[in-house]
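Chain letters run A, B, ... following the sequence lines, proteins first, then strands; residues in each count from 1.
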Number of protein chains: 2
Amino acid sequence: MSDNSPDFTVSLRAAGLRPTRQRVALARVLFEGGHRHVTAESLHAEVKATRMPVSLATVYNALNQFRDAGLLREVVVAPGRSYFDTNIGHHHHFYVETDGELYDFPSADVVVAGLPAPPEGTRLSRVDVIVRVRR
Amino acid sequence: MSDNSPDFTVSLRAAGLRPTRQRVALARVLFEGGHRHVTAESLHAEVKATRMPVSLATVYNALNQFRDAGLLREVVVAPGRSYFDTNIGHHHHFYVETDGELYDFPSADVVVAGLPAPPEGTRLSRVDVIVRVRR
DNA sequence: GCAAGTCTTTAGAATGCTTCTAAGGTTCTT
DNA sequence: AAGAACCTTAGAAGCATTCTAAAGACTTGC
Ligand SMILES: [Mn+2]
Ligand SMILES: [Mn+2]
Ligand SMILES: [Zn+2]
Ligand SMILES: [Zn+2]
């Protein structure tokens, strides 16, 4: 590579995924700017606009693979409304119910204390805090 | 009414809903015992077992109406996985990702402190804490 | 570089959950 | 009891997501 763009080929390979044209194009849209909250549909629209057509099935495949590889996390806010989040650090969300928008806020400010022990035989996976607001 | 069962006719009417046979049968299954987490499908199976057949469309209609009336709350834990919760008091949830079970825990024990102010022009609706665990 | 092997993409079909349609039935009001 | 309003229902439709299987792309060893 002779330019200064991040080498998604390397990170995809490190995640155990072949760096195909489609996955590289999707990774660029997802990870080149700041943090993003995308749906499969919105990402599909964006990547098509880059003149690298990718099928919707491939967008779903890639999002699920990226999530399974730890490159993304999934946030479910409402039935049939799932966002993929490029911010994989500790943080929580505002969800604006009236228009479907999702905003981050750092978990550093928030204290979630006094959680009971997980049910017998289970191990903690993640604590999601979703603050639902309306306009 | 001559027996000692709760009069769902009254609570349904208070919620602005006609106490039809179907809604009363559903209310009985939902509210007669302790708190419940049901899906449309699971409730449909239960009410059919009471020999009062109700269509699945009616179960969906009733769950949405009960929720809109504040008799139930909806908890979305995963894409395509929505529970209706008869516990409408303040509490939070353990979600066992590996088998789809949902358990309550009281919010009294839990402190969620330091939440940032809601985005401009929005009002707080609810704070959901979902503690995800795996077996 | 080339072939073989493996993995990926894709269009379109299928799925699963939820909502809609519109026709017939129930409940409420007078 | 009659009219009006509302409710239930089967089946169709909708929507997000996954599956199928055939064609294409990437990788490895030569
Ligand atoms: Mn998914
Ligand atoms: Mn619903
Ligand atoms: Zn986020
Ligand atoms: Zn609950």
Value in whole Å for how far the C1' atom of C:dT10 lies from NZ of A:K48
14 Å
Quick one: A:H44 NE2 to C:dT10 P, roughly how many Å, whole number?
8 Å
Under-4.0 Å salt bridge between B:D99 and B:R135
yes
Could you tell me the separation between the OH atom of A:Y60 and the P atom of D:dC19, rounded to a whole number of Å?
13 Å
Please give, in whole Å, the distance from C:dT18 P to B:R67 CZ?
11 Å
Heavy-atom nearest nucleotide on DNA chain C for A:P53 versus B:N61: which residue maps closer to 5'?
A:P53
If you only use heavy atoms from C-beta on, which nucleotide in D:dT17, D:dT9, C:dT10 is closest to the side chain of A:A40?
D:dT17
Can you identify which nucleotide, out of D:dC26, C:dT18, D:dA10, has its nearest atom closest to the B:S55 side chain?
D:dA10
Checking all strands, does A:R21 fall into the base, sugar-phosphate, or nothing category for heavy-atom contacts under 4.0 angstrom?
sugar-phosphate
Could you state the CZ-P distance from A:R18 to C:dG5, rounded to the nearest angstrom?
14 Å
Which of these, A:L72, A:V38, A:T39, sits in a side-chain contact (heavy atoms from CB on, under 4.5 Å) with A:Y83?
A:T39
Check: A:H93 ring centroid to A:H37 ring centroid under 6.0 Å:
yes
Atom CG of A:L56 to atom P of C:dG12: distance rounded to whole Å?
13 Å
Return no unless some side-chain N or O of A:T20 is found under 4.0 Å from OP1 or OP2 of C:dT9.
yes
Check whether any side-chain N or O of B:R132 sits under 3.5 Å from a backbone N or O of B:F94 as a donor-acceptor pair, and report yes or no.
no
Reckon A:R23 touches a base, only the sugar-phosphate, or nothing at all at heavy-atom distances under 4.0 Å?
sugar-phosphate
Between B:R36 and B:D85, does at least one N-O distance fall below 4.0 Å, as a salt bridge requires?
no
Starting at atom CG of A:L12, determine the distance to atom C1' of C:dT8, rounded to an integer number of angstrom.
13 Å
Here's a test of your reading of the structure: between B:Q22 and B:E41, which maps to the more 5' nucleotide of DNA chain C?
B:E41
Below 4.0 Å: OP1/OP2 of D:dT27 and any side-chain N or O of A:R13
yes
For atom CG of B:L26 and atom P of D:dC7, their distance in whole Å
14 Å
